[in-house]
Amino acid sequence: MATLTKAAVMQMPACDHQPRPYTGPSRDEVLALRRRYAHPSLFTLYREPLMLVEGHMQWLFDEAGRRYLDLFAGIATVACGHSHPEVARRVQEQVATLQHASTLYLHPNVAVFARELAARLPAGLDVTYLVNSGSEANDLAVTMARLFTGRADVIALRNGYHGGSPSAMALNGLYTWKLPTQQSAGVHHAACPDPYRSPFPGSPAEVASRSVDDLRGVIRTATPGQIAAFIAEPIQGVGGVTHGAPGYLRDAYAVAREHGGLCISDEVQTGFGRTGDHFWGFERSAVVPDIVTTAKGIGNGAPLAAVTTRREIAETLTQWLHFNTFGGNPVSAAAGLAVLEVIEREGLQANARVVGGRLRAGLDDLQSRHAIIGDVRGHGLMLGVELVRHRGTREPAAGATLEVLERLRECGVLVGKGGLDGNVLRIKPPLCITSEDADFALEALDYALAHAGAA
Ligand SMILES: Cc1ncc(COP(=O)(O)O)c(C=O)c1O
């Protein structure tokens with residue numbers, strides 16, 4: 001009981017938002033409805049599913065009014081904060097004015113939003129196609145690369161995640177996110193350059209160079225030697241916040257281009273300031289992609305995603321008809337415009353750097369005290385903590401990871417999990433969290449790690 005008492009007395013930072021009294025169906029009723037009528041493949045995170053009915057910035061509330069510090073942000077999606085007042089106001093205004101007409105007609109939001117994305121991307125990356133989800137964005141990016149190059153082969157990275165549609169799924173490098181169904185052919189996977197789990201020994205620089213050799217080898221052995229595209233997340237999100245050894249992306253882009261490929265940066269998780277030092281994940285490697293795909297944080301929860309590329313690449317698609325009913329929806333685009341303004345006005349990228357740095361330092365300290373932490377990685381507010389049964393063998397501690405999630409929930413802290421073995425805590429909060437929140441989360445994590453047991 002002593003441990004529960006500790007979780008119960010931990011001081012959560014103050015919040016001046018009062019949730020409205022919840023009057024809807026009970027949690028048990030919702031659970032029963034969902035079990036009866038929702039697709040059975042939907043899954044929840046906790047032993048006892050958590051119901052959330054209200055949000056305010058970095059806070060979420062359950063039906064009983066209990067408050068949680070959200071360190072997962074609807075899977076790295078709620079960039080500005082839950083129901084951020086400005087984003088909500090702009091969305092509400094647009095819904096009340098014109099919800100949908102389609103891109104068959106002109107509407108300012110699509111055009112202005114595309115211009116604003118171009119203004120934040122390197123010169124030349126200035127033509128955007130809006131869609132609804134990250135999967136769609138990656139499908140379209142790969143399709144455009146294939147049409148532009150006239151080639152079919154695409155190289156993705158092992159341990160990467162790019163979506164759930166059949167063609168995005170083909171890009172996934174995780175068996176856990178592939179179905180035994182026919183997927184887009186011509187996708188090959190090169191070694192993941194993350195030093196912690198790389199099959200190659202040596203320093204991070206050696207891992208980077210051997211992983212680049214592997215990429216070259218895949219192109220030379222599994223393709224006709226010329227490819228359509230190379231796609232990678234600058235930091236693999238679902239794969240457990242793994243990122244390439246320094247120098248990898250720069251050299252991988254060079255190899256892909258030597259073999260005729262376009263370079264696609266999947267910025268679905270790393271975009272919009274989340275990594276702190278940079279607005280885009282690819283900037284850390286000082287590379288310029290040919291195509292950038294975005295989703296999640298772009299809309300703060302609105303179904304909005306984008307493919308941005310150079311005009312000559314985009315032009316190829318005009319030889320055929322291609323349409324997306326909701327792509328460029330005025331409401332989603334209004335959300336996107338508000339998100340860009342809020343990120344800038346509220347200094348959220350700088351906050352990601354500062355608070356992320358504090359969290360990272362605290363996680364490193366926890367690693368020095370908890371043997372179960374094998375690796376801490378990430379940048380800004382995209383952080384991962386890999387739990388292992390033994391540091392020497394690096395055997396994944398998947399059971400303990402679930403226990404840590406449960407203990408954190410007791411403390412009122414929500415995090416995600418990922419990695420091929422489900423043993424990485426994923427910390428990707430709304431970018432508005434404070435240093436005080438970070439300290440509270442670290443205290444909770446210290447408690448959770450101490451009480452998770454060696455499951
Ligand atoms: C890096 C990355 N790309 C693409 C996707 C797919 O996005 P969506 O679920 O919106 O289709 C995800 C989703 O988690 C992602 O993390």
Side-chain angles (χ1 to χ4, degrees), residues 39 41-43 45 72-79 129-143 145 154 156-174 176-179 183-184 187 189 192-194 229-244 249 263-275 280-282 284 289 291-308 324 326-327 329 332 335-336 339 378-384 415-420 422 424 426-429:
H39 196 282
S41 70
L42 300 186
F43 56 91
L45 207 47
F72 205 25
I75 319 181
T77 296
V78 180
Y129 196 130
L130 295 182
V131 291
N132 310 289
S133 69
S135 305
E136 275 186 334
N138 285 326
D139 285 354
L140 187 56
V142 166
T143 298
V154 174
L157 292 184
R158 291 189 196 144
N159 205 58
Y161 183 84
H162 300 284
S165 62
S167 40
M169 195 185 291
L171 303 169
N172 295 344
L174 296 151
T176 41
W177 296 108
K178 279 182 177 293
L179 301 178
Q183 289 155 28
S184 162
V187 178
H189 291 88
C192 166
D194 184 67
F230 167 76
I231 182 167
E233 303 156 85
I235 300 178
Q236 293 176 330
V238 174
V241 200
T242 65
H243 49 87
L249 214 52
C263 296
I264 304 172
S265 189
D266 180 335
E267 297 283 338
V268 167
Q269 295 209 18
T270 48
F272 300 92
R274 175 161 293 281
T275 64
W280 305 109
F282 62 77
R284 178 171 297 279
I291 306 180
V292 172
T293 56
T294 46
K296 292 189 184 275
I298 190 174
N300 204 47
L304 175 64
V307 186
T308 305
N324 188 307
F326 293 119
N329 178 279
S332 298
V339 165
H379 299 291
L381 288 173
M382 181 148 179
L383 297 168
V415 303
K417 76 175 176 70
L420 187 58
V424 182
R426 290 164 67 194
I427 300 176
K428 305 168 180 188

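Note that the structure is a prediction, hence the values are computed from the model and not measured. Order of listing sets the numbers, starting from 1, for every ligand and every atom in it.
No part of Q236 comes within 4.0 Å of ligand 1, judged by heavy-atom distances. Contacts between T293 and ligand 1, counted as non-hydrogen atom pairs separated by less than 4.0 Å, are absent for every part of the residue.
The two residues E267 and T270 have their closest heavy-atom pair at OE1-OG1, 2.8 Å.
Other residues, nucleotides and ligands contribute only 12 or fewer heavy atoms inside 6.0 Å of the CD1 atom of I75.
Residue G163 has at least one heavy-atom neighbour below 4.0 Å for each of these atoms of ligand 1: 6 (C). Listed by number with element, the atoms of ligand 1 under 4.0 Å from a non-hydrogen atom of S133 are 10 (O), 11 (O). Ligand 1 places these atoms under 4.0 Å from at least one heavy atom of N138: 3 (N), 4 (C). Of all the atoms in ligand 1, the ones that sit under 4.0 Å from a non-hydrogen atom of E233 are 1 (C). Proximity to S135 (heavy-atom distance under 4.0 Å) selects the following atoms of ligand 1: 6 (C), 7 (O), 8 (P), 11 (O).
Protein heavy atom nearest atom 16 (O) of ligand 1, with residue, atom name and distance: Q269 NE2, 2.8 Å. Shortest contact from atom 13 (C) of ligand 1 to any protein heavy atom: K296 CE, 3.3 Å. The closest protein non-hydrogen atom to atom 3 (N) of ligand 1 is D266 OD2, 2.7 Å.
Distances from ligand 1 to the non-hydrogen atoms of I75 include no value under 4.0 Å.
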Test log, rule side chain to side chain donor-acceptor pair (under 3.5 Å), inputs Q236 and T242: CA-CA 5 Å; Q236 293 176 330; T242 65; 2.5 Å; yes

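For ligand 1, the polar-atom distance check finds an N/O of G134 within less than 3.5 Å of one of the ligand's N/O atoms. When only interatomic distances are considered, the shortest N/O to N/O separation between E136 and ligand 1 does not fall below 3.5 Å.
Looking only at side-chain heavy atoms (C-beta outward), M382 and H243 stay at 4.5 Å or farther from each other.
No option in F230, W280, F282 other than F282 meets the side-chain contact (heavy atoms from CB on, under 4.5 Å) test with P289.
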